[in-house]
Amino acid sequence: MSINCAAVDRLIDSMSFTQKVGQLNQRLLGWKSVERNAAGRLVASDELKQEIDRWGGLGTLYGLLRADPWSGQHWGNGIRPEERTEAIAVAQQTVLERGAHGIGVLLSEEAPHGHQALGGTVLPTNLGLGATFDPQGVQEAEAAVAAELAASGIHIALVSGLDIARDPRWGRCEECFGEDPLMAARMCEAIVTGMQGEHRSKVGHGGVAVVLKHLAAQGEAVGGRNGQSAVLGPHDLHEIHLPPVAAGVRAGALGFMAAYNDIDSVPCCANPWLLKDYLRDQLGFDGIVMADGLAVDRLEDMAGSIPAAGRAALLAGVDVSLWDEGFTRLEEYADDEQVVAAVDTALRRVLELKAMFGLLPEDGADTAAIAMPSADAIAQATADGREQAKRMAREAITLINDGQSAATLDDIRSVIADAQAGPVIVAGPFADDFGCFLGDYTAPLPADEQSSVYRQLVARLGEDRVLLAAKPSDAPADQWARSSTVVFVCGSTSERSYDSEFDDNGAAKAVTEYGATCGEGVDLSDIRLPWRQDDMLGEVAALTTAPIVSVAVCGRAHVLTDVLERSAVTIWAGYAGQYGPQAVADVLVDGADMSGRLPVTLPAYPAAIPVRYNDRQSAAHVYKDAAEPILRGFGYGAGSLAAVTFSEMHADTQSHPGEVLVQVTAHADDHGAAGAVNLFAHVSGGRRIPRLAMLVDSVYMDLNAGERRDIAFHVPCDRLRDVGDGQVQVTCTLDGDSTHTVTATLPGEY
């Protein structure tokens, strides 16, 4: 929908200062804005009515459909899929009836890896999506999520994507696409294009506005401590943490969320360089900036008071608040010319966004004519989202160890397929667990959609063949002795219970002994597998001579050294989403390929961290007690394109100005293959210490059996010339394989 600028101007001129401030607020928790009457119908709550009356309208309403332990909404009391239309109608009609200008309310929802609502699609978390190295696949999956949101009457999706996993102690690593800025940038572009369409073509037409979070450098927080200081220089800020931001702007993102952390002591939501000079002036961003939940109020110590905190955030470039009181106190600055001007600027952005969704009254009308959700459209979009979630779960599964003992994965598959072989024992704390695959920010799923690795194997092999032993003592010694295969499901979980304790922003506050071990608020000082799982695996190994397949369900780079040593095969599954158990069974029983690659570096020891593939100095042979601190490197995937060989690699610096063209030929064997081919570079010859390696391009391939294909990598020289102003030598390596390496020299004078 086109924006009528004159109509926006008239609305701004007609509003009081209080009404203007009200349009910048997102203070209400949406699930508290509707309630059920005695007949069980949804009606507007007094809290919603009072908020509208206070401001003469409502700017943005957060989380109307959200369901999870923090909100307290579940299948017994929350808004079910078939009730979304009713809930949206109640909220919008109440705002239109009680508001002063006939303006609808923007509805925002959490969608970090699917829609956080009852019945919503649950994709793998970003770390799992990052393992696919498949931006096109992510774009299609996010388009399906956006279609569900739009069909449900939602306008804004709050989507993680900007954060870079720099320290595995940080509980929010699961929200990162990995440790590499190029892949994160491509995934952010995929999110925006999928949800908003090319050139924002789907906004208001089956798509939603994306607010990318979190801006910026949150993954750099000292010690992996959530929301704390990011201590880094401007060069690394631009090279590691800002590429996803720039990619989001290029793709047309309509929003960014300012993060909790500070960068060199300046809080992100009060950083005019970040939110104005860089984001708007340098990148040309024209959408809204939203503060993270209660982040404005957290400026009180810096600003001196809650009202001053609201003023500081507004003048730094924040347009829309989230749950805080600071923006509600902007009324106290009605005589402050700076604040008045900034409020009008932010208001214009909010109203222009509302215009895209038809939330402003048309010329001559008293109120906006807002289309209500369609139950059929919701059902179709949800079904499409489920198919995308299945596909992305399969792509995320990553083989990180094969044939550690005499048995290979192919050997184990043969044994599993042999109905006459001994029992398959599914062991480990997550053997019959579903929630471990889902990640943080996930609504509860209905019982008939829940599964586990154990249940999936039973469904395919039969109850007589598959035994459950969450603890070694759960199976008798004779069954362990007879077992033909052991599947050990280990890792971590972000699942919260409904009796958990939470901080005021929804982060985990108190974690029980066997509660969440990852997610927001669950930073760890020890990244070994929790609950003594290494010891448990040792007990299992002592009870059986059968080969062990370990399935690591992880939201961070846990230390898996003991797991690899004791397992014939190790599969890394990230948090693969609601279809993660099926994807694992597809690999073990159906022989599905594993195209995933590790999106993070796995450390070999718990204290030899952080280690990243793109560090400037190697950590090898530095620690006297941990000479080789890396267990598996970024991009590792033993199953990725295993059926493909490469030849005829060469580099061209002449025919394409401004870039290095690297070409190689791929040959598939008689099985065919799919997966990402990654090109890494090491640059030398400048004035900076070069990174050990940089991912400079990645091409996702799907090769038919016997197919031969030429692959071209396009590497912008700007990515390579950062090190200085003389001749630069670039060594390009294919997926860390020293047998496929080319060297090129870039001239000086750039």
Side-chain angles (χ1 to χ4, degrees), residues 28-32 62-79 109-120 122 125-127 158 160 169-175 213-214 218 224-228 260 292-295 298 322-323 429-430 432-447 449-450 452 470 489-527 529-533 553-556 558 574-575 577-578 580:
L28 281 186
L29 299 172
W31 58 88
K32 295 183 178 182
Y62 168 91
L64 176 62
L65 304 179
R66 176 172 175 166
D68 68 332
W70 180 51
S71 67
Q73 304 301 292
H74 48 73
W75 287 95
N77 65 354
I79 297 171
E109 290 283 334
E110 296 284 2
H113 55 105
H115 184 195
Q116 193 183 6
L118 294 175
V122 183
T125 64
N126 281 356
L127 201 64
L158 310 180
S160 301
R169 291 171 290 187
W170 188 37
R172 302 189 81 168
C173 283
E174 67 180 85
E175 296 182 50
K213 56 182 187 176
H214 307 86
Q218 191 171 224
R225 300 194 286 272
N226 190 45
Q228 297 197 17
Y260 288 124
D292 207 340
L294 296 172
R298 293 185 182 188
L322 183 58
W323 315 329
F430 300 112
D432 193 25
D433 190 89
F434 175 63
C436 65
F437 282 92
L438 301 182
D440 203 356
Y441 287 93
T442 303
L445 274 79
E449 291 191 36
Q450 299 185 24
S452 67
V489 189
C490 57
S492 59
T493 178
S494 292
E495 186 179 24
R496 272 71 164 142
S497 65
Y498 277 81
D499 58 357
S500 298
E501 293 183 46
F502 297 95
D503 279 329
D504 53 7
N505 68 342
K509 184 175 183 180
V511 178
T512 59
E513 182 179 2
Y514 292 102
T517 56
C518 202
E520 184 174 9
V522 190
D523 306 326
L524 298 179
S525 63
D526 186 345
I527 59 167
L529 291 178
W531 315 335
R532 301 178 63 85
Q533 291 179 67
V553 184
C554 299
R556 52 159 51 94
H558 280 293
Y575 289 155
Q578 66 190 99

**Student:** Side chains of Gln578 and Glu449 only: does a donor on one sit below 3.5 Å from an acceptor on the other?
**Tutor:** yes
**Student:** How would you list, by chain and number, every residue that makes a ring-ring contact (aromatic ring centres under 6.0 Å, His included) with Tyr441, sequence neighbours excluded?
**Tutor:** none
**Student:** Please identify each residue that fulfils salt bridge (charged side-chain N to carboxylate O under 4.0 Å, His left out) with Glu495, with sequence neighbours left out.
**Tutor:** none
**Student:** Can you tell me how far the CH2 atom of Trp31 sits from the CG atom of Asp68, to the nearest 0.5 Å?
**Tutor:** 7.0 Å
**Student:** Any side-chain heavy atom of Tyr62 sitting closer than 4.5 Å to one from Leu28?
**Tutor:** no
**Student:** Is any side-chain heavy atom of Pro530 closer than 4.5 Å to one of His558?
**Tutor:** yes
**Student:** Mind checking what makes side chain to side chain contact (heavy atoms under 4.5 Å, CB included) contact with Ser452, not counting sequence neighbours?
**Tutor:** Asp432, Tyr454, Arg455
**Student:** Hey, does Val522 have a side-chain heavy atom less than 4.5 Å from the side chain of Asp440?
**Tutor:** no
**Student:** Under 4.5 Å between any side-chain heavy atoms of Ser492 and Tyr575, yes or no?
**Tutor:** yes
**Student:** To the nearest 0.5 Å, tell me how far Leu529 CG sits from Cys554 SG.
**Tutor:** 6.0 Å
**Student:** Report yes or no: does Asn126 contribute a side-chain atom to a donor-acceptor pair with the main-chain N or O of Ser160 at less than 3.5 Å?
**Tutor:** yes
**Student:** Partners of Arg172 by salt bridge (charged side-chain N to carboxylate O under 4.0 Å, His left out), sequence neighbours excluded?
**Tutor:** Glu175, Glu520
**Student:** Can you check whether Pro444 reaches Leu118 side chain to side chain, under 4.5 Å on heavy atoms?
**Tutor:** yes
**Student:** Taking salt bridge (charged side-chain N to carboxylate O under 4.0 Å, His left out) as the test, write out the residues that go with Glu110, two or more places apart.
**Tutor:** Lys213
**Student:** Would you call Asp292 and Arg298 a salt bridge, taking side-chain N to carboxylate O under 4.0 Å as the test?
**Tutor:** no
**Student:** Is the closest side-chain heavy-atom distance between Tyr498 and His74 below 4.5 Å?
**Tutor:** yes
**Student:** Going by the side-chain contact (heavy atoms from CB on, under 4.5 Å) test, name the single residue among Cys490, Cys436, Pro429 that passes it with Val553.
**Tutor:** Cys436
**Student:** Taking side chain as C-beta onward, heavy atoms only, is Phe502 less than 4.5 Å from Arg496?
**Tutor:** yes
**Student:** Say you draw a straight line from CZ of Arg556 to CD1 of Ile527; how long is it, rounded to the nearest 0.5 Å?
**Tutor:** 7.5 Å
**Student:** Just by distance, do the side chain of Gln218 and the backbone of Asn226 share a donor-acceptor pair under 3.5 Å?
**Tutor:** no
**Student:** Please list, chain by chain and in numerical order, all residues satisfying salt bridge (charged side-chain N to carboxylate O under 4.0 Å, His left out) with Arg532, sequence neighbours excluded.
**Tutor:** Asp535
